[in-house]
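Numbers restart at 1 for each chain; the letters A, B, ... are given by sequence-line order, proteins then strands.
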Amino acid sequence: MLDIRLLREQPDAVKASLARAGVEPQLVDVVLGFDEQRRALLFEVEQLKALRNTTSKEISTLKDAAIRDAKIAEMRTVGDRIAILDKQVAEVEANQMAAILELRNLPHDSVPVGPDEEHNVVLQTIGTPRQFDFAPKPHWELGESLGIIDFERGVKISGSRFYVLKGMGSRLQRALIQWLLDLHGNQGYQEVYTPFVVKELSLWGARQLPKFRDNLYHDAEEDLWLVPTAEVPVTNLHRDEIFDASQLPIHYCAYTPCFRREKMSAGRDVRGIKRGHQFDKVEMYKFVHPDTSYAELEQLRLDAEESCRLLGIPYRTKILCTGDMGFASTKTYDIEVWAPGQNEWLEVSSCSNVESFQARATNIRFRAEAGAKTEFVHTLNGSGLGIPRTMIAIMENYQNPDGSITVPDVLRPYLGGIDTIQPYTRK
RNA sequence: GGAGAGAUGGCGGAGUGGUCGAUCGCGCUCGUCUUGAAAACGAGAGAACUAACGUUCCGAGGGUUCGAAUCCCUCUCUCUCCUCCA
């Protein structure tokens, strides 16, 4: 959520910034129109309340019944007027809030301008794609022939976009989660385990609502929502809290499954485990001092890249253009890994600075020094990493001609020391 | 699921219609004392909007009243006991 004062004081700068992201800027004027109405109403109603407060105190000291009754009668009409104005204020406020929540965050000046993903800029490509002396297979073929991914039974149990991992498939996923949490722990992120279902308020705080309502699973009976990313519970961890500056920065990592209805991408990426309704992810999240948030973003990106590097998978880093960035983000890096079997780059991480966008919506503040005015913290989030796509990259990059998969060195201790994934044999 | 109790400032806990944005204790900050610390003593401090005056906030929402932390209604949450369950 944007700062209303920023809109009030620098409307043209805000509009220009939104225009860079391809957003029609009229909404700014709508918000400001409500703001003006609201403040005019507040001015009137607050004066009346001041009058009522002083007069009410006066009434309690009045001895003369006639004067007293006259004052009470007078205040009764004032009270009626206040009730009407209060109602109007609430209405205008709700309209203003609804309008300002529609506004996306302002892109940082360093972000390239462009309408869509075609205008994202590749910053670096690390690692050389392996040269195969056989035709590399896509992971769905490898997974089925090894018996570690079962698509048909996933669909039987839960429908399309669900799959079952078996044997070493399941273990590989578990190993990846644990290895990533350990790695990020060593990078200074404190591990947290959060609920996987949240109240609606938490989704507003992480700014998933109102925009992504159609992508969320909702339990109507309990009015709870399945998390689409760990970002949601972790953002809300410190809702309504005020930090001392000395407590910042706070770095967390969290594993959660993520649940997404994927209504927007119906029919896309239906093959394999690239885009399921349920997938696992390890997420990194930071609460930081505003002065450091862009330096923290660079480090966040390096920390995510580190996991790709250690896995020995070719990857590239992109900076997203203004039109392709997420709603809440001011600057986003995507990290993509190479998947030779399906011949494409797969997004495994998205690292964003959202500045105070979520902190304002969740009321997370800090005090620069004792007695100082509170300020909103900046928050950042980055995947580290999305598990299924990382599994795809491992399977496709490390595949052997016989269909087996070599286990990356760093994961071997997490898989009982084995070096190759072979078809299951009963013990 | 059944029965009961409760929700007040960082924490504990007063406050049952006006003098309450709220007694007090702990904790916190600053000062005095001390080589330093502790102790003692003194002073200070809630949040939001506002240029300011002022307004709002005692779980949330609504109501009664000239006036509500205090009375009424609804909701949410927490705790205790029983039941059930990993």
Side-chain angles (χ1 to χ4, degrees), chain A residues 1-10 31-101 193-205 218-225 233 236-248 250 257 287 356 358-377:
Chain A
M1 157 181 186
L2 291 174
D3 183 358
I4 181 64
R5 267 175 299 194
L6 184 66
L7 302 207
R8 213 140 65 195
E9 286 159 20
Q10 302 179 46
V31 172
L32 289 175
F34 286 130
D35 188 48
E36 223 166 282
Q37 276 184 54
R38 192 186 114 255
R39 295 206 290 163
L41 288 166
L42 274 181
F43 181 76
E44 190 182 348
V45 76
E46 284 183 5
Q47 282 191 324
L48 290 175
K49 283 179 178 174
L51 174 66
R52 182 177 67 180
N53 287 345
T54 52
T55 311
S56 290
K57 275 177 194 166
E58 206 183 317
I59 287 171
S60 67
T61 63
L62 285 176
K63 298 276 184 277
D64 186 316
I67 299 177
R68 190 184 155 94
D69 289 347
K71 288 279 186 196
I72 288 176
E74 190 189 331
M75 283 309 105
R76 195 171 288 145
T77 57
V78 169
D80 291 345
R81 178 72 185 147
I82 287 172
I84 292 167
L85 288 171
D86 269 346
K87 206 168 219 175
Q88 289 178 4
V89 169
E91 244 167 66
V92 172
E93 238 164 28
N95 288 336
Q96 182 183 333
M97 184 57 81
I100 201 167
L101 286 174
Y193 170 86
T194 67
F196 301 159
V197 292
V198 296
K199 300 193 277 197
E200 179 172 328
L201 182 64
S202 297
L203 288 159
W204 287 96
H218 177 224
D219 167 33
E221 205 144 53
E222 299 289 344
D223 196 20
L224 288 171
W225 303 67
N236 283 277
L237 217 48
H238 294 297
R239 187 168 61 209
D240 294 320
E241 292 182 25
I242 301 174
F243 296 113
D244 291 330
S246 63
Q247 292 174 270
L248 302 176
I250 296 170
F287 298 87
S356 57
Q358 289 173 335
R360 187 169 285 107
T362 38
N363 201 27
I364 302 172
R365 293 161 293 170
F366 76 102
R367 238 182 274 277
E369 52 197 270
K373 216 170 145 44
T374 59
E375 302 170 57
F376 290 108
V377 300

With a non-hydrogen cut-off below 4.0 angstrom, is A:Arg81 in contact with a base, only sugar-phosphate, or nothing?
-> nothing

Between B:rC24 and B:rA37, how far apart are the C1' atoms? Round to whole Å, please.
-> 29 Å

Rounded distance in Å - CG (A:Asp240) to P (B:rA48) | 12 Å

Take the angle between the ring planes of A:Phe287 and A:His238 and call it parallel below 30°, perpendicular above 60°, tilted in between.
-> perpendicular

Non-neighbouring partners of A:Arg239 that pass salt bridge (Lys or Arg N to Asp or Glu O under 4.0 Å), sequence neighbours left out | none

Just jot down the ring-ring contact (aromatic ring centres under 6.0 Å, His included) partners of A:Phe366, sequence neighbours excluded, or say none.
-> A:His289

Gap in Å between the two P atoms, one belonging to B:rG21 and one to B:rG31, rounded | 33 Å

Could you please name the option among B:rA47, B:rC49, B:rC66 that lies closest to any side-chain atom of A:Arg365?
-> B:rA47

Starting at CD of A:Glu58 and ending at P of B:rU19, how long is that distance when rounded to a whole Å?
-> 14 Å

Tell me: CG of A:Leu62 to P of B:rG67, nearest whole Å?
-> 15 Å

With sequence neighbours excluded, residues passing side-chain hydrogen bond (donor to acceptor under 3.5 Å, both in side chains) with A:Asp219 | none

With pairs taken as Watson-Crick or G-U wobble and both distances under 3.5 angstrom, which stems of at least three consecutive pairs involve RNA chain B?
-> B:1-7 with B:76-82, B:10-12 with B:24-26, B:28-32 with B:40-44, B:46-49 with B:54-57, B:59-63 with B:71-75

Provide, to the nearest angstrom, the distance between the NZ atom belonging to A:Lys199 and the P atom belonging to B:rC75.
-> 17 Å

Determine the Euclidean distance between corresponding C1' atoms of B:rA69 and B:rA22; express it in Å to zero decimal places.
-> 8 Å

Whole-Å P distance, B:rC58 and B:rU23 = 16 Å

For the pair made of CG in A:Asp244 and P in B:rG27, what is the distance, rounded to whole Å?
-> 18 Å

If every non-hydrogen atom of A:Ser60 is compared with every non-hydrogen atom of A:Arg68, which pair is closest and at what distance?
-> CA-NH1, 4.5 Å

Residue set satisfying side-chain hydrogen bond (donor to acceptor under 3.5 Å, both in side chains) with A:Glu36, at least two apart, ordered chain then number -> none

Ordered by number, residues from residues 37-55 of chain A within less than 4.0 Å of RNA chain B (heavy atoms) are A:Glu46, A:Lys49, A:Ala50, A:Arg52, A:Asn53

A:Arg367 side chain to A:Asp244 main-chain N or O, any donor-acceptor pair under 3.5 Å?
-> no

Spacing of the P atoms in B:rG54 and B:rA43 (rounded, Å) = 27 Å

Spacing of the P atoms in B:rG63 and B:rC57 (rounded, Å) = 14 Å

Expressed as a whole number of Å, how far does the C1' atom of B:rU55 sit from that of B:rU50?
-> 9 Å

Qualifying residues under side-chain hydrogen bond (donor to acceptor under 3.5 Å, both in side chains), relative to A:Arg52, sequence neighbours excluded = none

Find every protein N or O atom lying less than 3.5 Å from an N or O atom of nucleotides 62-64 of chain B, and list the pairs.
none

Does any pair with a residue in residues 84-101 of chain A pass salt bridge (charged side-chain N to carboxylate O under 4.0 Å, His left out), and if so which ones, sequence neighbours excluded?
-> A:Arg38-A:Glu93, A:Lys49-A:Asp86

Toward the 5' end of RNA chain B, by each residue's nearest nucleotide, A:Lys57 or A:Lys373 = A:Lys57

Roughly how many Å is it from CG in A:Leu201 to C1' in B:rA60, rounded to a whole number?
-> 11 Å

With C1' as the reference atom in both, quote the distance from B:rG46 to B:rC82 in angstrom, rounded to an integer.
-> 41 Å

So do A:Arg365 and A:Val377 actually touch side chain to side chain, heavy atoms under 4.5 Å?
-> no

Residues in salt bridge (Lys or Arg N to Asp or Glu O under 4.0 Å) with A:Glu58, at least two apart?
-> A:Lys71

Write down the distance between CD1 (A:Ile242) and C1' (B:rG10), rounded to a whole number of angstrom.
-> 10 Å

Give the table of side-chain donor-acceptor pairs shorter than 3.5 Å for residues 3-10 of chain A, with sequence neighbours excluded, one pair per line with atom names and distance.
residue : atom : partner : partner atom : Å
A:Asp3  : OD1  : A:Arg5  : N            : 3.0
A:Arg8  : NH1  : A:Asp35 : OD1          : 3.2
A:Arg8  : NH1  : A:Asp35 : OD2          : 2.9

Checking all strands, does A:Thr374 fall into the base, sugar-phosphate, or nothing category for heavy-atom contacts under 4.0 angstrom?
-> sugar-phosphate

side-chain hydrogen bond (donor to acceptor under 3.5 Å, both in side chains) partners of A:Ser56, counting only residues at least two apart = none

Here the distance between atom P of B:rC77 and atom CZ of A:Arg239, to the nearest Å, is 13 Å

